[in-house]
There are 2 protein chains.
Amino acid sequence: MRRPTLEAVAARAGVSRATVSRVVNGSATVNAQIRDAVLRAIDELGYVPNSAARSLVTQRTDSIALVVSEPAARVFSDDPFFSIVVRTVSQELENAGKQLVLMLASSPAGQTRVERYVAGGHVDGVILLSLHGSDPLPAALSRTGVPVISHGRPVSTVRPPYCDCDNVGGARAAVRYLVAQGRRRIATIAGPPDMTAGLDRLAGYREVVSGTDRRSLVAMGDFTRESGAAAMRQLLEDDPGLDAVFAASDLMAIGAMHTLRRAGRRVPDDVAVVGFDDIEAARFADPPLTTVHHPIAEVAKEIVRILLAPRDERPGEPVILPTELVVRDSA
Amino acid sequence: MRRPTLEAVAARAGVSRATVSRVVNGSATVNAQIRDAVLRAIDELGYVPNSAARSLVTQRTDSIALVVSEPAARVFSDDPFFSIVVRTVSQELENAGKQLVLMLASSPAGQTRVERYVAGGHVDGVILLSLHGSDPLPAALSRTGVPVISHGRPVSTVRPPYCDCDNVGGARAAVRYLVAQGRRRIATIAGPPDMTAGLDRLAGYREVVSGTDRRSLVAMGDFTRESGAAAMRQLLEDDPGLDAVFAASDLMAIGAMHTLRRAGRRVPDDVAVVGFDDIEAARFADPPLTTVHHPIAEVAKEIVRILLAPRDERPGEPVILPTELVVRDSA
DNA sequence: CTGAAAGCGCTTACAG
DNA sequence: CTGAAAGCGCTTACAG
């Protein structure tokens, strides 16, 4: 069954196609009587504008791609990060009358697909999420001329505009707090070294520790609970006498506390633990986790705002949102 | 920067637009020399076909929507169901050169948005996932003429084609097994009554129980771990002497085992537990969970196959894939 | 305020 | 095998 066209609506309402188009697009300069007639015809025919035809002339699609450079397994894991971003972006775009197209691009083939999709004019803008070091997408997409923005600072050399939280500052605040509490042997569980959230939070730790007479003690994780537990085992082996640990994500902090409990260490009495992100699970952890608040949803909102803003109103500089230490019981 | 058009490629290669179009679309009837010249021009100019223009004439978009009628919170929860479906569908579509558009439609506003998007010709087909009872989408989409298929039998009166596993048969097998093991007081934790997976698995349970001299004992859950734990507490209160429970999902079974452990019941000695789905967590449960295997990925593959098949090759009947009891240690 | 007309960038019969 | 031409369904200056 062929869908009705503008033409059919015009014929039925006894007006020109131009007039129907004006009514559909809410132009103010249409006589009320005529408008009603057109509206009635649209309703009777069940007319919906063909988006390909519209896009062809307007050069807009009203769709925005959210590209997640992460395997589906992690996106749909219990890490609330993706969930919060998707929900927030989805909501904000909806308010603006835009449609969200979610694309997973964990493989080189997936990246090529995304590149062609964007180059083919399917979307008006691209939001990049969870960018890793060697991701070719920022460079490839910048060539298409389609506006691109990243949630989190990209590590790539070609760097699209981005919005992020103050990762270094947050890490600094966490470690300074541990120092102020009189902790002597402060370790850190760092995030992946190919992501800026990993790099920057480690940098903040190193900066503060090296400003005191303490030694730095680092183990690596990948932001997951599991990796936090493993890293903690490693740290206890490296230095059984450590008395504090700053984990670069709450999930890793929770994993670390699990390991500490099994090793017979009390938190915070024997070992103080500070996380990063302030996700819901942090509040429900045992003991409730002291952590650095990461305004994930606010960053997501900001990104949509910037992406949808007229080109000349976009900030030239990256937008960095402040973080804040939230003291609970684990440190 | 304006993207190069077919026209520009034609001019550069010294051929007509028709020829360039043939090369781009892989038509066999193009002279090798000319093809090479065109390919070179495409490469030099970085030409990518404008998809709106192409869609307008071909009436195809090469995009398929996967509509999830569930809030983002659940989609991105630790229920692997969505993850498996998204991953599988994404992979299968990629193989077929199609693009996946993921849409969340948990609110009435979201449903309207999806309806308009589909009616506007953005996609060639729609996959519906996690349909609940009163969802207006099946009816609304059927009016658009765009092919629709559902993962799981819809409860709505307007019923699009669907593929599902044998929910009733699987539940029957699970309960029969418990009967064969000599269990006398067999309870069930049912899924949501507005979803067929909830309804059908409960029906299978009732059918077998009522065929014996046993009484049925039912508590409700919503497929989550948490709800399984709560339902189990309810069941223990209702009948402290129960000796078996069939949960309509593994997550609920795992929640139920948690409750049983805290109530001092041994599994399977005091209470046998059988789940449904056979997700990875079932294997790692303590004790490993006896469950009904649900071929989630196979159903997803089948759905894509049917959706992409020529209209006259689509099966007239729903496709039901078999389930199978997997015996481990919990029953 | 309304309409005739051009044009967005493609594909595809139809000739040759 | 290749090209000229029509047409997909819209929007938008431009006249009137």
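Below, read A as the first sequence line, B as the second, and so on, with proteins coming before strands; counting in each chain starts at 1.
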Trainee: Between E302(A) and R305(A), is the closest basic N to carboxylate O distance under 4.0 Å?
Mentor: yes
Trainee: Kindly state which residues belonging to residues 30-39 of chain A come within less than 4.0 angstrom of DNA chain D, counting heavy atoms of the residue only, listed by number.
Mentor: none
Trainee: Quick one: which of dC8(C), dT12(D), dC14(C) gets closest to the side chain of Q59(A)?
Mentor: dC8(C)
Trainee: Is any N or O donor-acceptor pair between the side chain of R3(B) and the base of dG9(C) shorter than 3.5 Å?
Mentor: no
Trainee: Tell me: CG of N25(A) to P of dA13(D), nearest whole Å?
Mentor: 13 Å
Trainee: Whole angstrom is fine here: how far is it from CG in L6(B) over to P in dG3(D)?
Mentor: 13 Å
Trainee: Could you grab the distance from atom NZ of K301(A) to atom CD1 of I306(A), nearest 0.5 Å is fine?
Mentor: 14.0 Å
Trainee: Measuring from L66(B):CG to S90(B):OG, what's the distance to the nearest 0.5 Å?
Mentor: 9.5 Å
Trainee: Round to a whole Å and report the spacing from CD of E7(B) to C1' of dG9(C).
Mentor: 9 Å
Trainee: How many angstroms lie between atom CZ of R17(B) and atom CZ of R22(B), to the nearest 0.5 angstrom?
Mentor: 12.0 Å
Trainee: Atom CZ of R22(B) to atom C1' of dA13(C): distance rounded to whole Å?
Mentor: 10 Å
Trainee: Closest to the V57(A) side chain: dC10(D), dG3(C), dT12(C)?
Mentor: dC10(D)
Trainee: Dot-bracket for DNA chain D, 5' to 3', counting Watson-Crick or G-U wobble pairs under 3.5 Å, with [ ] for crossing pairs and | for inter-strand pairs?
Mentor: |||.||||||||.|||
Trainee: CG/L131(A) to OG/S69(A) distance, rounded to the nearest 0.5 angstrom?
Mentor: 5.0 Å
Trainee: From OH of Y47(A) over to C1' of dC10(D), roughly how many Å is that when rounded to an integer?
Mentor: 7 Å
Trainee: I need the minimum non-hydrogen distance between A13(B) and A41(B), along with the two atoms involved.
Mentor: CB-CB, 4.0 Å
Trainee: Reading DNA chain C from 5' onward, which residue's closest nucleotide shows up sooner: R17(B) or T19(A)?
Mentor: T19(A)
Trainee: Taking ring-ring contact (aromatic ring centres under 6.0 Å, His included) as the test, write out the residues that go with F223(A), two or more places apart.
Mentor: none
Trainee: Identify whether any heavy atom of T58(B) sits under 4.0 Å from a base atom; if not, whether one sits that close to sugar-phosphate; answer base, sugar-phosphate or nothing.
Mentor: sugar-phosphate
Trainee: Taking the nucleotide of DNA chain D with the closest heavy atom to each, which residue, L56(B) or S16(B), is nearer the 5' end?
Mentor: S16(B)
Trainee: S21(A) side chain: which of dT11(C), dT11(D), dG3(D) is closest?
Mentor: dT11(D)
Trainee: Rounded to whole Å, please give me the gap between CG in L45(B) and P in dC10(C).
Mentor: 11 Å
Trainee: On the 0 to 90° scale, with breaks at 30° and 60°, tag the H151(A)-H294(A) ring pair as parallel, tilted or perpendicular.
Mentor: tilted
Trainee: Could you check which of dT12(C), dC10(D), dG9(C) has an atom nearest any side-chain atom of N50(A)?
Mentor: dC10(D)
Trainee: Take D62(B) and K98(B), measure what salt bridge (charged side-chain N to carboxylate O under 4.0 Å, His left out) needs, and give me the verdict at the end.
Mentor: CA-CA 5 Å; D62(B) 290 329; K98(B) 310 286 179 194; 3.0 Å; yes
